[in-house]
Amino acid sequence: MNTRLLCTLAFSAALSASASGGWQLESSREAGEAGGVRHVVKTVRNGEREVELQFAFFETPKHHLRVVDRPGGTRVAPAVKAVGGLAGINGGYFHPAYKALGLIVTDGEKIHDQEKARLLSGVVVSTADRLLVLRPGEFKLGAKTRDAVQAGPFLIDGGAVVRGLSTDRQARRSVLLTDGKNRHAILATDYLTLAEAATVLATAGVVSEWPVQRALNLDGGSSTGFYFSGGAFDLPNLKQVRNVLAIVPGKP
């Protein structure tokens with residue numbers, strides 16, 4: 001290989017790394033399957049730093065997303081098991097003593113009203129056959145709404161990284177992703193800033209299953225928990241949470 005070609009390849013690789021913030025996909029493996037939900041573990045690397053990503057991929061209407069609300073607090077695994085879920089992750093934010101913060105709808109019943117706050121920039125909405133990730137202005141509570149919860153901020157919108165995300169604090173992250181149609185995933189990550197989480201998700205090859213149209217950050221940090229029934233994989237919350245998003249087979 002001639003010197004000019006080597007230089008060109010090196011330059012192209014440098015451009016790719018720069019565009020992805022230095023992140024690259026290190027590995028991806030199928031860790032389990034349960035009722036059509038796939039548990040996939042991916043590792044990304046940025047220099048000496050390595051971060052593991054726990055995904056559960058699912059489709060609607062083969063599955064639906066249920067908001068399991070526990071006013072007294074809960075961890076992810078028992079809440080998912082209680083509703084016959086195949087996998088799950090922690091949901092929205094809450095005040096001290098698990099007091100509700102933002103919209104909560106479960107099984108067609110509104111538990112708490114929608115609120116306006118910078119943090120609550122998205123609404124996860126589950127109907128009989130669809131799962132939507134919406135801006136508050138795009139959402140209207142109606143008879144078709146089976147389950148819903150507010151969260152935020154958006155990490156990916158319109159297939160692109162959202163600008164202005166925080167670069168200040170690394171924490172475990174919980175995310176809901178969608179292709180805007182019928183393919184979705186929940187995700188729990190190792191320690192990342194919000195800006196890093198968005199950049200990782202936009203990095204070529206990381207989410208190769210389908211194009212990510214929208215990705216919404218859920219309550220993270222010590223609230224982050226992820227459970228997958230196939231193989232009983234449990235990444236427990238460090239602290240209990242108010243509600244959990246459970247992937248349940250079939251329509252509600």
Side-chain angles (χ1 to χ4, degrees), residues 30-40 54-71 74-92 100 102-114 122-136 138-151 156 174-188 207 209-216 218-219 225-234 241-252:
E30 296 277 344
E33 187 275 339
V37 179
R38 296 168 51 237
H39 179 199
V40 180
Q54 305 284 343
F55 289 89
F57 290 95
F58 64 103
E59 296 183 7
T60 50
K62 295 178 182 178
H63 315 95
H64 69 277
L65 199 68
R66 181 168 177 180
V67 176
V68 185
D69 190 56
R70 295 287 186 264
T74 186
R75 285 186 166 81
V76 170
V80 173
K81 292 176 183 178
V83 296
L86 302 171
I89 199 165
N90 59 291
L103 180 69
I104 303 173
V105 179
T106 179
D107 198 24
E109 179 185 359
K110 184 174 70 173
I111 306 299
H112 194 265
D113 288 326
Q114 186 173 347
V123 185
V124 178
V125 184
S126 182
T127 71
D129 55 4
R130 298 190 69 190
L131 175 60
L132 306 169
V133 180
L134 304 174
R135 294 282 184 180
E138 299 170 340
F139 171 71
K140 184 176 181 180
L141 183 64
K144 291 185 177 181
T145 304
R146 300 297 303 167
D147 294 83
V149 70
Q150 275 186 278
I156 304 289
S174 305
V175 185
L176 178 66
L177 307 89
T178 180
D179 72 345
K181 297 177 182 177
N182 68 327
R183 296 177 294 184
H184 323 281
I186 54 174
L187 162 66
V207 186
E209 287 76 8
W210 34 260
V212 178
Q213 178 67 17
R214 278 182 164 174
L216 185 69
L218 305 170
D219 186 13
F226 179 99
Y227 172 74
F228 186 80
S229 62
F233 177 85
D234 186 12
V241 297
R242 166 73 192 227
N243 49 59
V244 169
L245 305 183
I247 302 169
V248 180
K251 294 184 178 182

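Closest of all the heavy-atom pairs between His63 and Gly35 is NE2-O, 2.8 Å. In this structure, Ala185 and Leu176 approach most closely via the heavy-atom pair O-CD1, 3.3 Å. Nearest heavy-atom pair across Val76 and Gly225 is CG2-O, 3.5 Å. Nearest heavy atoms, Ala128 versus Pro252: O-CD, 3.4 Å. Residues Ala34 and Leu86 share a closest heavy-atom pair of O-CD1, 3.5 Å. Nearest heavy atoms, Pro136 versus Val123: CA-CG2, 4.2 Å.
When each of Glu30, Glu33, Glu59 is paired with Arg38, the side-chain hydrogen bond (donor to acceptor under 3.5 Å, both in side chains) condition holds for Glu30 and for no other. Here the options are His184, Gln213, Arg214, the test is side-chain hydrogen bond (donor to acceptor under 3.5 Å, both in side chains), and the partner is Thr178; only His184 passes.
Using bins of under 30°, 30° to 60° and over 60° for the plane-to-plane angle, the ring pair Phe226/Phe233 lands in the perpendicular bin. In this structure, Trp210 and Phe57 have perpendicular ring planes: the angle between them is above 60°, well past the 30° mark.
Between Lys62 and Pro249 there is no side-chain heavy-atom pair separated by less than 4.5 Å. Side chains of Arg242 and Ile111 form a contact here, defined as non-hydrogen atoms less than 4.5 Å apart. Leu218 has its side chain out of reach of Val175: every pair of non-hydrogen atoms, C-beta onward, lies at least 4.5 Å apart. In this structure the side chain of Val80 never reaches within 4.5 angstrom of the side chain of Val68, judged on heavy atoms. Using a 4.5 Å heavy-atom threshold, the side chains of Lys81 and Tyr227 count as touching. In this structure the side chain of His39 never reaches within 4.5 angstrom of the side chain of Ser229, judged on heavy atoms. The shortest distance between side-chain heavy atoms of Leu131 and Phe58 falls below 4.5 Å. With a 4.5 Å cut-off on side-chain heavy atoms, Val67 and Ile104 count as touching.
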Please lay out, stage by stage, how Thr106 and Asp69 fare under the test side chain to side chain donor-acceptor pair (under 3.5 Å). CA-CA 7 Å; Thr106 179; Asp69 190 56; over 6 Å; no

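Taking OG1 from Thr145 and CZ from Phe139, the interatomic distance works out to 4.5 Å, rounded to the nearest 0.5 Å. Note that CD1 of Ile89 and CD1 of Ile247 are 8.5 Å apart. Values are rounded to the nearest 0.5 Å.
Remark: Glu109 pairs with no residue by the salt bridge (charged side-chain N to carboxylate O under 4.0 Å, His left out) rule, at least two apart or across chains.
In this structure, the side chain of Asn90 engages the main chain of Asp219 through a donor-acceptor pair within 3.5 Å. Between the side chain of Gln150 and the backbone N or O of Leu103, at least one donor-acceptor pair lies under 3.5 Å. Between the side chain of Asn243 and the backbone N or O of Gly92, at least one donor-acceptor pair lies under 3.5 Å. Remark: side-chain polar atoms of His64 are not paired, donor with acceptor, to backbone N or O of Asp147 under 3.5 angstrom. The backbone N or O of Lys144 lies less than 3.5 Å from no partner atom in the side chain of Thr127, so there is not a single donor-acceptor pair.
Within 6.0 Å of the CZ atom in Arg70, the count of heavy atoms belonging to other residues, nucleotides or ligands exceeds 12.
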